[in-house]
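Quick notes on the structure that follows.
Counting convention: from 1, in listed order, for ligands and their atoms alike. Below, all heavy atoms of this structure are taken into account, side chains as well, without hydrogens, waters or symmetry copies.
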Amino acid sequence: MAKQQITVPDIGGAEGAEVIELLVAAGDQIELEQGLLVLESDKASMEIPSTLAGKVLQVLVKVGDELSEGHPIVVVETEAEAEAEPEPESSADTAEPEGGSPAGEAVQDADVEPVAAEQASSGGGAPSEITVEVPDIGTDDAVDVIELCVKPGDEVAEGDSLVVLESDKASMEVPSPRAGKVIRMLVKEGAAVREGDPLVLLESARDEPVEVSAGGDSPAASTESTPVDDSVAQAPATAGAATSQPAARDSDDTLVYAGPAVRKLARELGVDLAKVTGSGPRERVLKEDVQGFVQRALSGKAPVAAVGAGLPTVPDVDFSAFGAVETVPRTKLDKLTAANMQRSWLNVPHVTQFDDADITDLEAFRKSMKGEAEQRGTRLTPMPFLLKACATALRDNPKFNASVTADGESLVYKHYVHIGMAVDTPVGLMVPVIRDVDRKSIWELADEVVELAEKARERKLKPAEMQGGCFTISSLGNIGGNGFSPIVNTPEVGILGVSRAAVKPVWDGQAFQPRTLLPLSLSYDHRVINGGDAGRFCTQLVTLLGDIRRLLF
Ligand code: CAO
């Protein structure tokens, strides 16, 4: 038997993805690939599969925690023999409090091996002295010691906060790398320290090499914050490792506690943080607070001036006055999609151009290839052809493959053609991005359409798989409708809406012919694209889809 720890895998650079659902509990037997928990970031929700089979000894996180790559999730007892030393007295069960640890804390129990990490190689047993130093704090500048959380003689558990440091950008707690006893404090409150400076002399229970900064990210790297709070700092169950809590002045010179990611979100949404009530400890503003503020503003419950000056508010109606109602909280993804739509709608002057493509020949060809598609284990819908046609039109009409800089001064032309595909999922709209569409074959695109749509519906998309799009296709073809005007997925400047193809009579000069027509609606950002550009783009699409041999050129 061996105890092993499973950590958050590469989630495409997402920081502070929130645990929205735990799928296992202590005592559960789990299989390889079995879902452990569901994480939700700004862009996606994703199920994190187990990389081990065995029995769950401990779940180290809880719903609401915000995790990044490398954060420990569960401790699993596996059948395999442990390569590390025999189990010492202090097991994971005693070293870690019940209820798990919050985001930012890396649980480093010596006898629990992170799955991806190398096996420990210590002899263990003998007490030793450790000098805990200032870890990588993401800056060469000195930072202040603003709080000493322990004193000589204190017993500390691994992960307990020893001191709190503060720079002009963030504050961070320095965790104890090991359980032990404080022998001496090597700094005073108010001292200025740099990376590597000694902070605390500890007597550790065991003689092992110690990675002092093992607990967490540097404040510079951390995008989510954990409070610097006495109770939090002292309690191993909730102590953050290297966490940041920038307290910066916002408008009106109000001191606002919020992490960098929260500030970024607030900037993007045009929210004045000083007007947001923080629900975190010490009234720290969380992402949810900003999102809630925007939601309330959009529904008329908060001062709209904060998100869109001069907009009249939509009144809050008590629908229960008219009959039975049920109020269901929206998912985070749902609310973010709403905020993004609103942002695009408010910022981008939209125009939509409509046309029909005659896909009679395309459909005949596509249907003739269905058997071959099946043999290849894929599905050939109109989507791969639409992607290919759009890629050609994007190459030939580079303004559609551009974005406008935030100051409106320049256009950024992209020399790659990555196209997003809107996917309708039970939890909301997701837009995975197919990369280098112009360089892929129809079969390759067909495979990717199937794979990405499936991943989206199973909530397995990584944030990286939804980034970098130049243009989006939103196909409601399998659902129905004659046409719709999609909202541009900013900072992209164009989006193609595709409705249901239907056989219609088309006059050929002598008689009506039954032709399969595919309704297209191209919405574009009129700050960047002129009607003429859009007309040319749309006409080229219609021509390409009308005769797909042209896609060969
Ligand atoms: N006209 C008629 N039939 C169409 C069609 C169209 N425009 N587009 C697809 N179909 C057919 C397909 O050919 C397929 O039938 P066959 O198996 O007989 O060939 C069937 O409809 C189902 O296709 P599909 O939807 O499974 O696959 P797709 O590649 O066409 O689309 C995807 C994939 C992920 C884009 C789609 O499933 C989806 O989720 N669409 C919704 C997008 C959305 O929500 N947009 C709104 C965003 S704004 O709120």
Worksheet item: Identify the closest protein heavy atom to atom 17 (O) of ligand 1: which residue and atom is it, and at what distance?
Response: K370 NZ, 3.6 Å

Worksheet item: Side chains of V61 and L67: closer than 4.5 Å at any heavy-atom pair?
Response: yes

Practice prompt. Using non-hydrogen atoms of the residue, decide whether S475 is closer than 4.0 angstrom to ligand 1.
Written response: yes

Fill in: Among A501, S474, G428, A456, closest by any non-hydrogen atom to atom 1 (N) of ligand 1
A501

Item to complete: Say whether K367 and ligand 1 are in contact under the criterion: heavy-atom distance to a ligand atom below 4.0 Å.
Response: no

Discussion item. Taking the six-membered ring for Trp, are F537 and F471 closer than 6.0 Å centroid to centroid?
Written reply: yes

Worksheet item: Hey, do the aromatic rings of H526 and Y524 have their centres closer than 6.0 Å?
Response: yes

Worksheet item: Within less than 4.0 angstrom of ligand 1, does P384 place any heavy atom?
Response: no

Worksheet, complete the sentence: of all protein heavy atoms, closest to atom 48 (S) of ligand 1 is L429 CD2, 4.0 Å

Discussion item. Under a 3.5 Å cutoff, is there a donor and acceptor pairing between the side chains of E31 and S50?
Written reply: no

Worksheet item: Would you say atom 15 (O) of ligand 1 touches the protein, meaning some protein heavy atom is under 4.0 Å from it?
Response: no

Worksheet, complete the sentence: Nearest heavy-atom approach of R500 to N478 is NH2-O, 3.1 Å

Item to complete: List the atom of V290, the atom of A266, and the distance in Å for their closest heavy-atom pair.
Response: CG1-CA, 4.1 Å

Item to complete: Find all atoms of ligand 1 within a distance of less than 4.0 Å from any non-hydrogen atom belonging to R366, and give their numbers and elements.
Response: 13 (O), 19 (O)

Worksheet entry | NZ/NE/NH1/NH2 to OD/OE distance under 4.0 Å, E21 and R459 | yes

Worksheet item: Closer than 4.0 angstrom: is that true for some heavy atom of R457 and an atom of ligand 1?
Response: yes

Discussion item. Judged on heavy-atom distance to atom 4 (C) of ligand 1, which of A453, G477, A357, P432 sits nearest?
Written reply: G477

Practice prompt. May I ask you to identify the nearest protein heavy atom to atom 33 (C) of ligand 1, giving residue, atom name and distance to one decimal place in Å?
Written response: V449 CG1, 4.4 Å

Fill in: atom 7 (N) of ligand 1 [closest protein heavy-atom partner, distance rounded to 0.1 Å]
S499 O, 2.9 Å

Practice prompt. Note the single closest protein heavy atom to atom 20 (C) of ligand 1, along with its residue, its atom name and the distance in Å.
Written response: N478 CB, 4.0 Å

Worksheet item: For ligand 1, which atoms have a heavy atom of R500 less than 4.0 angstrom away?
Response: 1 (N)

Response to the item:
Ranked by distance from atom 28 (P) of ligand 1, the top protein heavy atom is T381 OG1, 3.6 Å

Item to complete: May I ask which of L452, L476, I479 has a heavy atom nearer to atom 43 (C) of ligand 1 than the others do?
Response: L476

Item to complete: Output yes when the distance from some N or O of ligand 1 to some N or O of R379 is under 3.5 Å, and no in every other case.
Response: yes

Worksheet entry | Minimum-distance pair of heavy atoms, taken over all atoms of G546 and D361 | O-OD2, 4.2 Å

Fill in: Test log, rule salt bridge (Lys or Arg N to Asp or Glu O under 4.0 Å), inputs R366 and E363
CA-CA 5 Å; R366 187 178 72 85; E363 279 298 274; 2.7 Å; yes

Practice prompt. Please check if any side-chain donor atom of K414 sits under 3.5 Å from a side-chain acceptor atom of S403, or the reverse.
Written response: yes

Discussion item. Looking only at side-chain N and O atoms, does T378 offer a donor or acceptor that is under 3.5 Å from a partner on D447?
Written reply: yes

Practice prompt. If you have a sec, work out which protein heavy atom is nearest atom 31 (O) of ligand 1 and how many Å separate them, to one decimal?
Written response: M383 CE, 4.5 Å

Worksheet item: Do you know the tightest heavy-atom contact between S499 and L518?
Response: O-CD1, 3.4 Å

Worksheet item: For ligand 1, which atoms sit closer than 4.0 Å to a heavy atom of L518?
Response: 7 (N)

Practice prompt. Identify the protein heavy atom lying closest to atom 44 (O) of ligand 1, giving its residue, its atom name and the separation to 0.1 Å.
Written response: D424 CB, 3.4 Å

